[in-house]
Number of protein chains: 2
Amino acid sequence: MSRPRATHRGPRASSAARVPGIDYANLHAHFGYALRRAQITAFAAFARATEGLAITPPRYTALVILEANPGISQSALGEVLGTARSGAMMLTNWLVGRGLAERRHRPDDGRAWGLYLTRGGRALTARLKRRVYEYDQRVAARLTPAERGTLLRLLEKLTP
Amino acid sequence: MSRPRATHRGPRASSAARVPGIDYANLHAHFGYALRRAQITAFAAFARATEGLAITPPRYTALVILEANPGISQSALGEVLGTARSGAMMLTNWLVGRGLAERRHRPDDGRAWGLYLTRGGRALTARLKRRVYEYDQRVAARLTPAERGTLLRLLEKLTP
DNA sequence: TATTGTTATACTCTATAACTATA
DNA sequence: TATAGTTATAGAGTATAACAATA
């Protein structure tokens, strides 16, 4: 996925700390392992930022993408999220059911929907963006400003 | 989780590439998003490294932990993996069912098991470690040696 | 023939809670 | 009373496959 495809059920308490007395061998020298641990930390921050709002990472991504790409089709949304069409549909159903997004028929293509945020969806998205950004920066606060830029650059370089 | 807790079902085809024509807003400036994309790349490499072996990240972690901590209890293993006791049990059942690990009664505590790799488990673990390391390095090859060290250091610093 | 959306189904992983046996 | 292991159950998330409508 491009595509943050999350398996994430909402707030989780787990931390990424090492268990004392355990020999981790060379696990921590692996990028896959180190990335996973860091991601758990970032997930925990996301969960706190969206507490009580039933927003998961893919839902958040969908809101941001819909805001920036009004009229996008369900298939394209699924492609961005890296999920199958059926998954994009259930996600869209959830957004529509909450009154956050709506489907509009496309004049040019009778098969596809155009997806749009509702007023409530735009309001929630704006609020979420502030909160998620705030908690993201709180995680990043463990690094110096220079280190933050370096980390983002290296992560981007790692990803094709 | 500490704890690489994977939701990962084996080889997955998804890539982490951007979809052309889509406005991603400032998603890529978020550490949570960037970490997730990088992790997807690392997962894909892990899947290739373990192709056909039915090894998932938590299973791999369990093998490495059992190798380095012979006699560890199921509860401790669950704590390392960041999963509930029931999850540690199912994972252990899987390893035992494949003949990779065995439970031995502890002389000092009648409640707990001591977990040990079998000879086959040790052989598979040794093989997996080489392969996973190889693919991990292949991902890291997109970075210079200096950048690799920097990335690991920054990821470690990000994680409490 | 290919594509969009839809529905149904199954599978994996995980969590919770209740139970037992030991401590 | 607390802990290790076990079992059963439920839930979220995802994938696959088949179908109808449209291109």
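The structure displayed is predicted, hence computed values, not measured ones. Sequence lines set the chain letters: A, B, ... in the order given, protein chains first and strands last, and positions in each chain run from 1. Because only heavy atoms are used, hydrogens play no part in the values below, and waters and symmetry mates are left out as well, while side chains stay in.
- For T56(B), taking side-chain heavy atoms from C-beta onward, the closest of the listed nucleotides dA4(D), dG13(D), dC13(C) is dC13(C).
- Straight-line distance from the CD atom of Q74(B) to the P atom of dT3(D): 17 Å, rounded to whole Å.
- By the salt bridge (Lys or Arg N to Asp or Glu O under 4.0 Å) test, R98(A) pairs with no residue at all, sequence neighbours left out.
- Looking at every heavy atom in both residues, L81(B) comes nearest to P58(B) through CD2-O, 3.8 Å.
- Sorted by first and then second residue, the salt bridge (charged side-chain N to carboxylate O under 4.0 Å, His left out) pairs involving residues 151-160 of chain B (not counting sequence neighbours) are R18(A)-E156(B), R37(A)-E156(B), E147(A)-R153(B), E147(A)-K157(B).
- At whole-Å resolution of the value, CD1 in I40(A) and P in dT14(C) are 11 Å apart.
- R106(A) comes within 4.0 angstrom of no nucleic acid atom, judged by non-hydrogen atoms across all strands.
- The separation between Y60(B) atom OH and dC13(C) atom C1' is 21 Å, rounded to whole Å.
- Residue pairs meeting the salt bridge (charged side-chain N to carboxylate O under 4.0 Å, His left out) criterion with at least one member in residues 109-118 of chain A, sequence neighbours excluded, are D109(A)-R111(A).
- Per the geometry, CZ belonging to F43(B) stands 13 Å off P belonging to dT14(D), to the nearest Å.
- Within the nucleic acid shown, R103(A) comes within 4.0 Å of sugar-phosphate atoms alone, with no base atom in reach, counting heavy atoms only.
- Near DNA chain C, meaning a heavy atom under 4.0 Å from it, residues 88-101 of chain A has M89(A) in order of number.
- Across every non-hydrogen atom of W94(A) and I55(A), the tightest pair is CH2-CD1, 4.0 Å.
- Under 4.0 Å is where a charged nitrogen must lie from a carboxylate oxygen, and between E134(A) and R130(A) no such pair does.
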Could you tabulate the donor-acceptor pairs under 3.5 Å formed by side-chain atoms of residues 69-78 of chain A, not counting sequence neighbours?
unit_1	atom_1	unit_2	atom_2	d
N69(A)	OD1	D23(B)	N	2.8
N69(A)	ND2	I65(A)	O	2.9
N69(A)	ND2	D23(B)	O	2.8
S73(A)	OG	A76(A)	N	3.1
Q74(A)	OE1	R103(A)	NE	3.0
Q74(A)	OE1	R103(A)	NH2	3.0

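- From one end of the helix from dT1(C)-dA23(D) to dA23(C)-dT1(D) to the other, with five pairs defining each end axis, the axis direction shifts by 0° (rounded to 10°).
- Scored by the side chain to side chain contact (heavy atoms under 4.5 Å, CB included) test, A38(A) finds L35(B), L155(B), L158(B), T159(B) as partners (sequence neighbours excluded).
- Residue pairs that meet the side chain to side chain donor-acceptor pair (under 3.5 Å) test with at least one member in residues 118-128 of chain B, sequence neighbours left out, do not exist here.
- Taking atom CD1 of I55(A) as the reference point, atom P of dA12(D) lies 15 Å away to the nearest angstrom.
- When the side chain to side chain donor-acceptor pair (under 3.5 Å) test is applied to R104(A), the partners found at least two apart in sequence or on another chain are E102(A).
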Protein-proximity profile, nucleotides 17-23 of chain C, B/S/- by nucleotide at the 4.0 Å heavy-atom cutoff, equals -----BS

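- Taking Ile, Leu, Val, Met, Phe, Trp and Tyr as hydrophobic and joining them when side-chain heavy atoms fall under 4.5 Å apart, one finds Y133(B) isolated, its cluster having no other members.
- Contact annotation: T83(B) side-chain N/O to dA15(C) OP1/OP2 distance is under 4.0 Å.
- A salt bridge (charged side-chain N to carboxylate O under 4.0 Å, His left out) check over residues 53-73 of chain A, counting only residues at least two apart or in different chains, returns the pairs E67(A)-K129(A).
- Candidate nucleotides dT6(D), dA15(D), dG13(D) were compared by shortest atom distance to the side chain of W113(B), and dT6(D) ranks first.
- Between L81(B) atom CG and dC13(C) atom C1' the separation is 13 Å, expressed in whole Å.
- Protein atom NE2 of H105(A) is 12 Å distant from nucleotide atom P of dA23(D), rounded to whole Å.
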